[in-house]
Amino acid sequence: MLRYILNKLALIVPTIFGISLAAFAFVRLLPGDPILAMAGERGVSPERYQELLERFGYNRPIWLQYFDYIGNVLQGDFGISIATKRPVIGEFLALFPATLELATVAMIIAVVIGIPAGIFAAVKRGSWFDQLTMGAALTGYSMPIFWWGLLLIIFFSGYLGWTPVSGRIGLQYFFPPVTGFMLIDSLLSGKSGAFSSAVSHLILPSIVLATIPLAVIARQTRSAMLEVLGEDYVRTARAKGLTPRRVIGMHAFRNALIPVVTTIGLQVGTLMAGAILTETIFSWPGIGKWMIDSIGKRDYVVVQSGLLLIALIVMAVNLIVDLLYAVINPRIRVQ
Amino acid sequence: MSNETATLPVEAKARSGAFGEFWHYFSMNHGAVLGLIVFVLLVLVAIFAPLIAPHLPNEQYRDALLTPPMWHEGGKSTFILGTDAVGRDMLSRLIYGARYSLFIGLVVVVFSLTSGIILGVLAGYFRGWVDTLIMRVMDIILAFPSLLLALVLVAILGPGLFNAMLAIAVVLQPHFARLTRAAVMAEKNREYVISAKVAGAGHLRLMAVTILPNCLAPLIVQATLSFSNAILEAAALGFLGMGAQPPTPEWGTMLAAAREFILRAPWVVTYPGLAILITVLAINLIGDGLRDAFDPKLKRS
C-alpha cells in the first residue's frame, strides 16, 4: 500500500512542476504590460516604471523570474493582486469556502440522486423507469448549464418569486464568517431566518452545478451495475437464495462502486469548470467568478496563482480518489 | 497484377458487410437513429440557411424591438419566434447560428483529432522519453478545468471565434492522444504488425497504414463526444464574452446579449439555449449508438 502511494506521488511531482511552468508561461504570454496594468489609467513616469520593474523583478531573466516565483510559492507567497493590492492567497482563502460549499452541496445532490437512480435503472433494465432516467441523464449531460441556470431564474425567481437571483444570503443578515460555509455560519449566528435565506440562495446554483455530475454518475452507475449483474458471483448469490436486496446491495453494488468512485473523482474538474459559469450567472462570490473577473481585468498575478491553486486542488482530489480506489479494490494494492 | 484484381471485389464485399453489421446494431438503438435524423436536419438547415431564414440575421427592425413570439399576445406573424433587443428576427438568427455551431464542432474535432492521433501514435509507438514527454504534457492540460484553460488561452490569443476553436481543440486533444496511445500499445506487438515489419515496412508506414486503422473505433466514439463538447464549450465561451463576438448569431453569444432581458423577454433566452441543447443532445445520442454498435461485449448479450 505504501509503495502504491509513493508511486502515485512520484508520478505527480513532474506534473505539478509542469503545471506551475504552464501557469507561469500563460501569464507571460498574456498581451499587455503588468506594470502598466498596475498603474491603471493615470499611467506611470519612465523612472517610476523602471523602479517598479526592478521591484517586482520583471527585468530579470525569465527563467530567474520563474524560480523566484516557485521559491515564493513554496513559502506560501502567491503574489499581490494587481487590482486589489491584497495578497492573492488571502483572497483565495476568503473566496474558496463559497465555492467549496456550492460544490459540496452539488456533489451531495449528484451522488444521493445519481447512484440510486443508476442502480434502479440497471436492475429494472428496459423498464419505463430505466428509459426515463437515462433519457433525463443524457439530457442533463447535454445541457448548456449557463442556459439551464437562466431558465431556473426565469421560472423560480421571476415567475414564482420563490428564490433570490444572486448572492449567498439576504443583505439584512450580517455576521462574521466562522467556517466560511454560509449554511453553518447562518445557524451559528442565531439570527432567525438567516438559515432559510442561505438555503434559498444556495438551492438554484447547486442544482445547476449538480446537473452534469448527476447525469454522469447515474449513467456510470447503471452501466457498472449492468456489468456486475451478469457476473457469476452474482448468479451464485442469487442461486443460494439471498434476497434481491442483499444480492444487489452487498454483492453487486460493492463491486460496481469501483468505477463509480473514479467517475465521482473525475467530476471535480467538471465542478470547477461548472463553478465558473454557475458563479457568473448567480453572482456567487467564489473562485470561479474571481478568476473570470481577474481574466477580464488582466490581473496577471491572480490568474497565474489562481490557475496554479485550482490545478493543485484538482490534482489533490484525484490523488485522494486514487488512494480510495486502492482501499475499495484490494487487487490494486498488490500490483 | 491478376492477384490484385481478384481480391478487390472480395474486399469490397467485406467492407459493405462490416458496414451492414454496424448499421444493424446502430439502427437497433432508436435514440441513436432519432439523433441522426435531427442531426441531418440541422446540417440541412445550416447549409440552406439563406433560403430558409425569413430575414437576414443582422437586419434590425427598429419598430419591432423585443416582439414576443407570434403565438403570444403582441406577437407578429413575420417574426415567428419574436425579435431581440435591437429588433433582429430570432428565428433567422437561430437558423444562421446552426452554421456556426456545426462549423465549430467540425473544426475543433478535426484539429484535436489530428494532433491527438499524431501525438498518441508517436507516444505509443516509440515509448521511452517521447512517450513520457508527450503524456506528461497531456496530463498537465488535463489537470486544469477545461473551461478555465480555454478561457486563459483565449485571453492570450485574443477573444474571437477562431481563437476559441483553437483553445477548445487544445483542451480536448489529450483525450484523443490517450486513447490512440493505449490502442497503439495494444496493437503494436500483434502478429500482423510484426509480419509487416519483417516485410520491410518503415516506421511511418507501420504507424499510419498498419496500426492506426485498427484503432479507429474508440476514436470515432470520442470524436462524436468531442463534437458535442466543442459546441457546448464554444457556447460557454461566447456566453462569457470570449468566443464569437457580437453581432455574430452564435447561440452562446446570443445568450450573453439576452441576459439582461431574461425577466422582461424570456424568449430571447429560451430559444438559443434550446437550440444548443437539441444539437448537443442529438450528437450525444449518436455517440451512444456508435459506442454500443462498436462494443463487442454488448453484441454477445
Side-chain angles (χ1 to χ4, degrees), chain A residues 11-12 14-19 21-23 26-27 29-31 131 134-135 138-139 141-148 150-151 153-155 157-159 165 219 226-227 230 268-277 280-281 288 291-292 295-296 298 303-304 306-307 310-312 314-315 318, chain B residues 31 35 132 136-137 139-158 171 225 228-229 231-233 235-236 238-242 251-252 255-256 258-259 262-264 266 269-270 272-285 287-288 297-298 301:
Chain A
L11 265 175
I12 272 182
T15 314
I16 291 179
F17 173 75
I19 288 170
L21 195 61
F26 285 153
V27 171
L29 293 170
L30 277 171
Q131 295 186 357
M134 286 307 111
L138 195 67
T139 311
Y141 180 68
S142 308
M143 189 67 87
I145 60 164
F146 46 97
W147 175 68
W148 178 223
L150 295 177
L151 276 194
I153 289 176
I154 290 176
F155 189 71
S157 307
Y159 184 67
V165 181
R219 277 162 62 92
L226 283 180
E227 196 131 307
V268 174
T270 314
L271 278 179
M272 289 307 306
I276 294 173
L277 291 166
T280 304
I281 295 165
M291 285 302 282
I292 281 281
I295 290 172
R298 303 222 169 277
V303 175
Q304 175 172 323
L307 268 175
I310 291 172
L312 286 180
V314 173
M315 289 204 66
N318 285 341
Chain B
T132 310
R136 283 297 86 77
V137 172
D139 282 351
I140 291 165
I141 296 178
L142 286 175
F144 295 105
S146 56
L147 183 65
L148 182 59
L149 184 55
L151 269 169
V152 173
L153 290 177
V154 173
I156 293 169
L157 299 166
V171 172
L225 290 177
S228 55
N229 253 334
I231 292 176
L232 275 181
E233 299 242 328
F239 180 72
L240 294 170
M242 303 293 264
W251 294 334
L255 275 173
R259 258 186 83 185
I262 56 171
L263 296 180
R264 262 171 61 204
V269 173
T270 316
L274 198 60
I276 301 171
L277 176 62
I278 290 172
T279 310
V280 172
L281 188 58
I283 297 166
N284 284 341
L285 280 169
D288 271 10
K297 245 188 204 163
L298 288 171
S301 58

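In what follows, chains are A, B, ... by sequence order, proteins preceding strands, each numbered from 1. Values in this document were obtained by computation on a predicted structure and should not be read as measured data.
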Contact origin within A:M143 toward chain B - heavy atom pairs under 4.5 Å: both
Interchain contact, A:I310 with chain B, by part (heavy-atom threshold 4.5 Å): side chain
Nearest 0.5 angstrom please: [X] [atom1] to [Y] [atom2], how far?
{"X": "A:I19", "Y": "B:I141", "atom1": "CD1", "atom2": "CD1", "value": "11.0 Å"}
{"X": "B:L232", "Y": "A:Y141", "atom1": "CG", "atom2": "OH", "value": "9.0 Å"}
{"X": "A:F146", "Y": "B:L255", "atom1": "CZ", "atom2": "CG", "value": "6.0 Å"}

What part of B:L148 gets closer than 4.5 Å to chain A, counting heavy atoms only: side chain, backbone, both or neither? both
Contact class of B:L277 relative to chain A, heavy atoms under 4.5 angstrom: both
Which residue out of [options] racks up the most heavy-atom pairs below 4.5 Å with chain A?
{"options": "B:L285, B:L281, B:L147", "answer": "B:L281"}
{"options": "B:L274, B:L151, B:D139", "answer": "B:L274"}
{"options": "B:L157, B:I140, B:V269", "answer": "B:I140"}
{"options": "B:I283, B:L263, B:V152, B:T279", "answer": "B:V152"}

Closest non-hydrogen contact found for A:M315 with B:A143 is CG-CB, 4.0 Å
Minimum heavy-atom distance B:N284-A:S142, with the two atoms named: ND2-OG, 2.9 Å
Would you say [X] and [Y] make side-chain contact, with heavy atoms under 4.5 Å?
{"X": "A:R219", "Y": "B:D288", "result": "yes"}
{"X": "A:I276", "Y": "B:P145", "result": "no"}
{"X": "B:F239", "Y": "A:L150", "result": "yes"}
{"X": "B:L240", "Y": "A:L277", "result": "yes"}

Which one, [options], leads in non-hydrogen pairs under 4.5 Å with chain B?
{"options": "A:V303, A:I292, A:I16, A:V165", "result": "A:I292"}
{"options": "A:G18, A:G158, A:S157, A:A23", "result": "A:G18"}
{"options": "A:L226, A:I281, A:L151", "result": "A:I281"}
{"options": "A:L307, A:V314, A:I145, A:I295", "result": "A:L307"}

Using the test side-chain hydrogen bond (donor to acceptor under 3.5 Å, both in side chains), find all partners of B:R259 that sit at least two apart in sequence or belong to another chain. none
Partners passing side-chain hydrogen bond (donor to acceptor under 3.5 Å, both in side chains) against B:T270 (at least two apart in sequence or in another chain): none
